[in-house]
Amino acid sequence: MWKFIETHAMKEHIPILTKILPQLAVSSFIGCLKGKLSLMLFERYTNLKYKYGNQNFWVKGYYISTVSLNTKIVEEYIKNQEKEDMISDSLSKKEYVGPF
């Protein structure tokens, strides 16, 4: 049905590069993915079940983009995204100089 090519869990999001069959609706795939991952996470980390209770674990939306010729570029982006985010965060911090 589908194949994960590259994924990396970040603090606020999870970029995933995957192949799915053209007959499979993207919304069905995302629904199945979110449902199965929720069950696996709640089973492995029981404290999440108590923290979130009956609330939704995932946000309602998602972002999808098709990739054909640039698959290797997207793979590298996902692999290096955390390092690049950390570098940009450290560069964007302002240093305040005291008045004296």
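These numbers come from a predicted model, not from an experiment. Each residue takes its place number in the sequence, starting with 1.
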Check: Does CZ belonging to F4 count more than 12 external heavy atoms closer than 6.0 Å?
Finding: yes
Notebook entry, point to check: In the single-linkage hydrophobic clustering (I, L, V, M, F, W, Y; side-chain heavy atoms under 4.5 Å), do Y45 and F42 co-cluster?
Noted result: yes
Next item on the list: Measure the spacing between CG of N80 and NE2 of H8 and express it to the nearest 0.5 Å.
Entry: 9.5 Å
Item checked: Interatomic distance, L33 atom CG to I14 atom CD1 [nearest 0.5 angstrom] -> 8.5 Å
Check: At what distance, to the nearest 0.5 angstrom, does CG of L17 lie from NZ of K3?
Finding: 10.0 Å
Notebook entry, point to check: Shared ILVMFWY cluster between V26 and L24, side chains joined below 4.5 angstrom?
Noted result: yes
Check: Between OG1 of T18 and CD1 of I30, what distance do you get to the nearest 0.5 Å?
Finding: 8.5 Å
Note to self: If you define the side chain from C-beta out and look only at heavy atoms, does anything of S27 sit under 4.5 Å from Y62?
What the structure shows: yes
Item checked: Separation of K36 NZ from M40 CE (nearest 0.5 Å) -> 10.0 Å
Next item on the list: Tell me, please, which residues at least two apart from T7 pass side chain to side chain donor-acceptor pair (under 3.5 Å).
Entry: none
Notebook entry, point to check: Considering only heavy atoms from C-beta outward, does the side chain of E6 approach that of K79 to under 4.5 Å?
Noted result: yes
